[in-house]
Amino acid sequence: MAVAELTSPAASFAHNYNNANRLRSSQLYAPSSSCLSSDHFRSRYRSTVLPRITCSVNQVQNSAPVQVEAPKDKAECYGVFCLTYDLKAEEETKTWKKLINIAVSGAAGMISNHLLFKLASGEVFGPDQPIALRLLGSERSIQALEGVAMELEDSLFPLLREVNIGIDAYEVFQDAEWALLIGAKPRGPGIERADLLDINGQIFAEQGKALNAVASPNVKVMVVGNPCNTNALICLKNAPKIPAKNFHALTRLDENRAKCQLALKAGVFYDKVSNVTIWGNHSTTQVPDFLNAKIDGMPVKEVIKDDKWLEHEFTEKVQKRGGALIQKWGRSSAASTAVSIVDAIKSLVTPTPEGDWFSSGVYTSGNPYGIAEDIVFSMPCRSKGDGDYELVKEIQFDDYLRSRIAKVYAVP
């Protein structure tokens with residue numbers, strides 16, 4: 001079933017994995033002795049009297065001093081992130097905000113390859129918001145992670161103050177305020193959906209436990225790895241210290257696809273399309289809502305007077321857009337997914353325009369729509385720009401929309 005109630009934590013399959021694969025700063029990004037630790041950096045950063053701010057790119061490690069003579073398997077700290085930024089003391093409090101820690105899993109993948117540079121550029125959190133990137137990979141992708149860090153270094157982003165890479169979620173997620181969980185095993189030839197759910201369920205159960213143990217208590221979690229609704233539910237059930245409301249399954253890409261199709265049909269640019277909701281899962285069972293959507297402030301059904309197109313061609317195009325892209329491109333979407341992650345975060349950190357809303361897969365407990373409790377389900381949300389959201393209450397339902405939403409539960 002695409003939307004499932006999964007309350008039991010997955011077996012702690014990774015006990016030995018954790019012990020064996022703790023993030024090893026001695027093997028990656030060992031800072032020089034002149035580099036400050038992340039905690040030291042933040043304590044200096046908060047000061048209003050010191051004339052300099054030092055940023056460090058650490059590979060998360062214990063506080064033991066770094067040896068001058070590095071073993072042969074250690075890599076040197078990448079230069080730019082180990083040097084100091086000159087910043088006048090009076091500029092420190094006027095132009096720079098408190099550092100935000102952003103953790104990204106699957107950081108060596110295609111989606112992250114587009115996303116990380118948007119984050120570092122200031123496009124997401126603003127032009128005066130410094131960030132620290134904490135990148136999670138695997139044993140197999142560790143060299144690729146070093147390559148990612150090299151490219152970030154070469155891009156000269158002044159807002160990027162720290163970069164940490166590693167293979168253990170318990171280390172990489174330390175103090176994370178945003179966790180973007182992109183990494184997941186994709187479905188390939190011969191892999192049954194149930195087997196994929198089992199594999200990814202274990203991954204997201206372990207990541208939920210890690211977030212629960214070491215992340216900021218109010219961390220915002222965006223689950224991208226599919227099936228994202230189920231993975232988000234597994235993750236939140238394994239992170240009881242974190243408010244369930246803080247977990248999101250990404251359906252913004254589906255919303256963007258729906259807006260594009262409506263704009264094409266109406267012959268307008270897509271900035272004229274608003275109030276689009278995706279109900280349900282990020283899957284072919286999703287329900288793109290044209291009843292409540294608007295084009296240039298008017299109900300879609302008053303602009304596009306073709307119910308057959310809306311109920312069939314439009315709906316199916318949005319549901320199957322990902323598959324169509326794979327047929328054309330030979331792989332699943334990466335750049336557009338990264339853009340939709342940016343859009344989803346910005347919808348939470350900037351106030352929602354008056355009268356509009358956005359879609360996100362969120363925890364259903366207490367929802368006003370009659371949707372089953374205790375699942376993760378995409379619904380219309382609105383934010384004040386503080387990272388939180390509320391569900392939109394002024395939603396219309398007709399028999400068609402209710403019946404389509406009900407079918408989501410019927411899918412095995």
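Quick caveat: nothing in here was measured; it's all calculated off a predicted structure.
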ask   = Can you tell me how far CZ of F314 sits from CG of D306, rounded to the nearest 0.5 angstrom?
value = 12.5 Å
message = Go through it in stages, so that I can follow the logic: the residues are L136 and Q207, the test is side-chain contact (heavy atoms from CB on, under 4.5 Å), and I'd like the CA-CA distance, side-chain angles, deciding distance and then a yes or no.
response = CA-CA 11 Å; L136 180 66; Q207 290 185 357; 3.9 Å; yes
query = What distance separates W279 CH2 from I405 CD1, expressed to the nearest 0.5 Å?
reply = 5.0 Å
Inter-residue atom distance F247.CZ - C235.SG, 0.5 Å rounding = 4.5 Å
inquiry  = Once rounded to the nearest 0.5 Å, what's the spacing between atom CG of D343 and atom CG of N256?
reply    = 5.0 Å
request  = Report yes if some heavy atom in the side chain of V342 is under 4.5 Å from a heavy atom in the side chain of L115; otherwise report no.
outcome  = yes
note = Looking only at heavy atoms, the pair that brings I304 and I295 closest together is CD1-CD1, 3.9 Å
ask   = Looking only at atom types and distance, does a side-chain atom of S141 sit under 3.5 Å from a main-chain N or O of S138, one as donor and one as acceptor?
value = yes
inquiry  = Any non-hydrogen side-chain atom of E206 less than 4.5 Å from a side-chain atom of Y170?
reply    = yes
request  = Count the heavy atoms of every other residue, nucleotide or ligand shown that sit under 6.0 Å from CD of E311, and state whether that count exceeds 12.
outcome  = yes
task = Give the minimum heavy-atom separation between A169 and V214, together with the two atoms involved.
result = O-CG2, 4.4 Å
inquiry  = So does V276 get a backbone contact from the side chain of S359, meaning a donor-acceptor N/O pair under 3.5 Å?
reply    = yes
remark   = Here the gap from K259 atom NZ to D254 atom CG, rounded to the nearest 0.5 Å, amounts to 12.5 Å
key: Closest non-hydrogen atom pair, A176 against A103   = CB-CB, 3.9 Å
request  = Measure from the side-chain N and O atoms of T352 to the backbone N and O of W357, and report whether any donor-acceptor pair falls under 3.5 Å.
outcome  = no
task = For atom CZ of F117, decide whether the heavy atoms of other residues, nucleotides or ligands shown that lie under 6.0 angstrom number more than 12.
result = yes
request  = Hey, could you give me the OG/CZ distance between S360 and F377, rounded to the nearest 0.5 Å?
outcome  = 13.0 Å
ask   = Do any N or O atoms from the side chain of N246 and from the backbone of V219 form a donor-acceptor pair under 3.5 angstrom?
value = yes
query = Can you find a heavy atom in the side chain of P380 that is under 4.5 Å from one in the side chain of Y369?
reply = yes
ask   = With respect to L236, which candidate in V376, L211, V223 satisfies the side-chain contact (heavy atoms from CB on, under 4.5 Å) definition?
value = V376
request  = Evaluate the criterion side-chain contact (heavy atoms from CB on, under 4.5 Å) for residue pair I345 and L180; output intermediate values, then yes/no.
outcome  = CA-CA 10 Å; I345 297 173; L180 311 179; 3.9 Å; yes
message = Taking the side chain as everything from C-beta on, heavy atoms only, tell me whether F290 gets closer than 4.5 Å to K301.
response = yes
task = Please confirm whether the backbone N or O of I278 pairs with a side-chain atom of S378, one donor and one acceptor, at under 3.5 Å?
result = yes
ask   = Is the side chain of S340 donor-acceptor paired with the backbone N or O of R252 at a distance under 3.5 Å, no angle test?
value = no
inquiry  = Around atom NZ of K245, are there more than 12 heavy atoms from other residues, nucleotides or ligands closer than 6.0 Å?
reply    = yes
task = May I ask you to check whether N229 and H282 show a side-chain donor-acceptor distance below 3.5 Å?
result = no
query = Which of these, V339, I111, L325, sits in a side-chain contact (heavy atoms from CB on, under 4.5 Å) with S333?
reply = L325
request  = Say whether, by atom type as modelled, one donor and one acceptor occur between the side chain of N275 and the main chain of N292 under 3.5 angstrom.
outcome  = no
ask   = Quick one: are I341 and K118 in side-chain contact, heavy atoms under 4.5 Å?
value = no
request  = Indicate the atoms forming the closest heavy-atom contact of Q286 with S283, along with that distance.
outcome  = NE2-O, 3.0 Å
request  = Using the side-chain contact (heavy atoms from CB on, under 4.5 Å) rule, take K97 and D128 through it: C-alpha gap first, then chi angles, then the decisive distance, then the call.
outcome  = CA-CA 7 Å; K97 298 179 180 177; D128 59 350; 3.4 Å; yes
query = Got a donor-acceptor contact below 3.5 angstrom from the S383 side chain to the D388 backbone?
reply = yes
task = List the atom of L391, the atom of P368, and the distance in Å for their closest heavy-atom pair.
result = CD1-CD, 3.8 Å
key: Heavy-atom donor-acceptor pair, N231 side chain to G225 backbone, under 3.5 Å   = yes
request  = Report yes if the side chains of L310 and V300 come closer than 4.5 Å at any heavy-atom pair, otherwise no.
outcome  = yes
inquiry  = Just so I know, are the side chains of H248 and V362 near enough to count as touching, which here means a heavy-atom distance under 4.5 Å?
reply    = yes
remark   = L197 and P227 have their tightest heavy-atom pair at CD2-CG, 3.2 Å
inquiry  = For a 4.5 angstrom cut-off between non-hydrogen side-chain atoms, does N113 reach E151?
reply    = yes
inquiry  = Whether the side chain of T364 engages the backbone of I375 through a donor-acceptor N/O pair (distance < 3.5 Å, no angle test) should be reported.
reply    = yes
message = Parallel, tilted or perpendicular: which one describes the rings of W178 and F125, with boundaries at 30° and 60°?
response = perpendicular
query = Using a distance-only test with no angle check, is there a side-chain donor-acceptor pair under 3.5 angstrom linking N238 and N212?
reply = no
ask   = Checking side-chain contact (heavy atoms from CB on, under 4.5 Å) for the pair K317/K265: CA distance, chi angles, key distance, verdict?
value = CA-CA 12 Å; K317 274 189 174 182; K265 184 67 172 179; over 6 Å; no
